[in-house]
Amino acid sequence: MTTQLPRIVHVDDAPPNRRRGGDLRAMLTPTMCGATSGFMGLAIVRPGERIGEHYHPYSEEFVFVVCGDLEVDLDGVSVALGPEQGLMIPVNMRHRFRNVGDTEAKMVFHLGPLAPRPELGHVDTEETSQPGPTEPAKVAS
């Protein structure tokens, strides 16, 4: 009997996604490792950056701040979220994240269960313009 070990995925294996703000790396996904119940990734948010407001109609989102100082808006209510703190965001709750510190923030996220189709899993409620490749990020003062 041949047993294949689960796939180990390094953050550099996941392509950066800056469409919604920050640098989102979807790491343990159905495509990357065959996940069937949800997916996990890492958000890297530079000082002054934000991840635009959105909600998930099918999934709860679990987040854990590894480092940095974030502020999260939950249905319009702002809450501080710092290193070594976790948060569960219920289905359909609008939320956005802002780096309010002066250092890079890193946040692990997990969403589950999966939406019936990927395009149904995430609903943007605002546009998020981000710096281009040669434009520096704006740092909050």
Side-chain angles (χ1 to χ4, degrees), residues 2-141:
T2 303
T3 302
Q4 184 176 352
L5 292 175
R7 178 164 181 213
I8 295 173
V9 178
H10 188 275
V11 68
D12 291 339
D13 295 336
N17 177 345
R18 299 191 61 81
R19 288 189 309 265
R20 294 182 173 103
D23 177 355
L24 306 177
R25 307 284 179 115
M27 296 173 60
L28 302 177
T29 67
T31 304
M32 292 287 269
C33 69
T36 60
S37 63
F39 69 91
M40 193 241 19
L42 180 70
I44 304 164
V45 188
R46 296 180 298 199
E49 281 188 326
R50 68 187 167 102
I51 297 170
E53 187 184 78
H54 62 282
Y55 67 93
H56 308 282
Y58 294 92
S59 308
E60 295 173 329
E61 183 170 6
F62 299 83
V63 299
F64 178 79
V65 178
V66 177
C67 62
D69 295 303
L70 296 169
E71 192 169 77
V72 57
D73 295 335
L74 302 167
D75 279 343
V77 177
S78 294
V79 178
L81 194 59
E84 300 184 2
Q85 289 186 313
L87 169 68
M88 191 280 288
I89 302 167
V91 171
N92 287 321
M93 179 174 274
R94 291 176 181 232
H95 54 285
R96 76 166 63 83
F97 298 91
R98 288 183 299 283
N99 183 333
V100 294
D102 57 4
T103 61
E104 182 177 83
K106 290 185 178 179
M107 176 180 69
V108 175
F109 60 89
H110 176 272
L111 284 90
L114 293 171
R117 293 192 320 271
E119 68 274 11
L120 299 177
H122 185 105
V123 179
D124 291 312
T125 53
E126 70 180 0
E127 218 173 289
T128 307
S129 62
Q130 293 298 310
T134 58
E135 181 185 348
K138 292 179 176 49
V139 178
S141 40

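Since we're looking at a predicted model, the values are computed, not measured.
A side chain to side chain donor-acceptor pair (under 3.5 Å) with R20 is found for exactly one of E127, H122, E53, H54, namely H122. Only one option out of V65, V79, L74 pairs with L87 in a side-chain contact (heavy atoms from CB on, under 4.5 Å); it is L74. Screening I44, L70, V72 for a side-chain contact (heavy atoms from CB on, under 4.5 Å) with M107, the sole residue that qualifies is L70.
For the residue pair G121 and H56, the shortest heavy atom distance occurs at O-ND1, 3.1 Å. Nearest heavy atoms, T103 versus G68: OG1-CA, 4.3 Å. When all heavy atoms of P57 and V91 are compared, the closest pair comes out as O-CG1, 3.3 Å. Residues H95 and M93 come closest through the heavy atom pair ND1-O, 2.8 Å. Nearest approach of R18 to G22, heavy atoms of both residues: NH1-O, 3.3 Å. Of all heavy-atom pairs between R96 and I51, the closest is CB-O, 3.2 Å.
For the atom pair CD (E61) and OH (Y55), the distance works out to 14.5 Å, reported to the nearest 0.5 Å. A distance of 11.0 Å separates OG in S37 from CG in L111, rounded to the nearest 0.5 Å. Atoms CG and CD, from N99 and E49 in turn, are 8.0 Å apart once rounded to the nearest 0.5 Å.
Formation of a donor-acceptor pair under 3.5 Å by the D23 side chain with backbone atoms of P16 is not found in this model. With hydrogens and angles ignored, the 3.5 Å screen pairs no side-chain donor or acceptor of R7 with any backbone N or O of C33.
Aromatic ring orientation, F109 versus F39: perpendicular (interplanar angle above 60°, classes split at 30° and 60°).
The closest side-chain heavy-atom distance from P47 to V100 is not below 4.5 Å.
Taking a cutoff of 4.0 Å between a charged side-chain nitrogen and a carboxylate oxygen, D73 and R94 do not qualify as a salt bridge.
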Next on the checklist: I'd like to know whether M27 forms a side chain to side chain contact (heavy atoms under 4.5 Å, CB included) with D13, so could you lay out the CA-CA distance, the side-chain angles of the two residues, the decisive distance to 0.1 Å, and finally the verdict.
Outcome noted: CA-CA 8 Å; M27 296 173 60; D13 295 336; over 6 Å; no
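For E84, the CD atom counts as loosely surrounded, since its 6.0 Å shell holds 12 or fewer non-hydrogen atoms of other residues, nucleotides or ligands.
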